[in-house]
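Below, chains carry the letters A, B, ... as their sequence lines are ordered, and counting in each starts from 1. Note that the structure is predicted; figures quoted are calculated from it, not measured.
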Amino acid sequence: AQSVSQHNHHVILSEAASLELGCNYSYGGTVNLFWYVQYPGQHLQLLLKYFSGDPLVKGIKGFEAEFIKSKFSFNLRKPSVQWSDTAEYFCAAGSGAGSYQLTFGKGTKLSVIP
Amino acid sequence: NAGVTQTPKFRVLKTGQSMTLLCAQDMNHEYMYWYRQDPGMGLRLIHYSVGEGTTAKGEVPDGYNVSRLKKQNFLLGLESAAPSQTSVYFCASSRSSNQPQHFGDGTRLSIL
C-alpha cells in the first residue's frame with residue numbers, strides 16, 4: 001500500500017527564516033504529488049502540485065517543491081517565511097492517472113514567530 | 001462561489017445515535033470524497049465516489065455508509081455512532097481522478 005511520510009511533526013521558525021518540509025512517498029510507479037495547507041480553523045487548500053515535467057514546481061504564496069524521483073521525495077520550500085504562514089502542511093500522493101485516491105501524510109505544523 | 005459546502009458544521013451525538021452529514025458541490029465535479037482528520041493521523045479516506053450512483057470504500061470505511069444519488073451531493077451516514085468516530089470530517093471533490101481536490105470547511109463531530 002502506498003504511504004506518505006512527513007518527517008517533522010512541528011517546526012518552529014522565526015520570520016524571514018528559510019523553510020524546508022520533508023515528504024517521502026513509497027509508491028514506485030507514476031505518481032502525482034500535492035502539498036496542501038490548512039490555516040487554523042480552515043479547510044485544506046492546494047499549495048502546489050506535480051504531475052510531470054519540470055521537477056521544480058512553483059505554487060502560491062512563494063512556495064515551491066522539488067520532485068526527486070531517485071529519493072522518492074517531494075520537499076516543500078520557501079526562502080523566507082512570514083507569520084501568516086503559520087499553518088499545518090500536508091503532503092499527498094496519488095498513484096498516477098486513474099487513481100481515485102490520495103494518500104495524505106500526517107501533516108507538519110509550522111509555527112512562525114514574529 | 002460556494003465550492004464545497006458541508007452541513008452541519010458542528011454536532012454532538014450520544015453513543016448509538018445516527019446522523020447524516022451532507023456535502024454539496026457546485027463545480028460539476030465527478031469525484032467526491034469523505035475524509036476524517038484526527039490529531040497526528042493526517043487525513044484518512046472513508047469512502048469516495050467516482051460519479052453519480054457510485055460509491056467505493058476508502059481506507060477506514062467501517063461504521064460509515066455513503067450515498068451519491070445526485071451528482072452534486074455526497075452523504076455520509078453514521079448508523080450507530082461510537083466515541084471512536086469523534087473527529088473532524090472533510091468532504092472534497094475533484095474534476096477527475098488526478099486533479100486537485102477541493103475541500104469543504106469540515107464538520108466537527110463529537111460522540112459522547
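Only the side chain of A:Q38 comes within contact range of chain B, with heavy atoms under 4.5 Å apart. Neither the backbone nor the side chain of B:Q6 has a heavy atom closer than 4.5 Å to any heavy atom of chain A. Proximity to chain B (any heavy atom under 4.5 Å) is restricted, for A:L46, to the side chain, taken from C-beta onward.
Salt-bridge annotation for B:K57 and B:D62: absent, with no side-chain N of the basic residue lying under 4.0 Å from a carboxylate O of the acidic one.
Outside the 6.0 Å centre-distance limit, the rings of A:F34 and A:F104 are not counted as a close aromatic pair.
Each of B:Y31, B:Y48, B:Y33 was compared with B:S94 under the side chain to side chain donor-acceptor pair (under 3.5 Å) criterion, and only B:Y33 meets it.
In terms of heavy-atom pairs under 4.5 angstrom with chain A, the leader among B:Q37, B:Q99, B:H102, B:R108 is B:Q37.
Looking at A:E88 and A:Y36, their side chains never bring a donor and an acceptor atom within 3.5 Å of each other.
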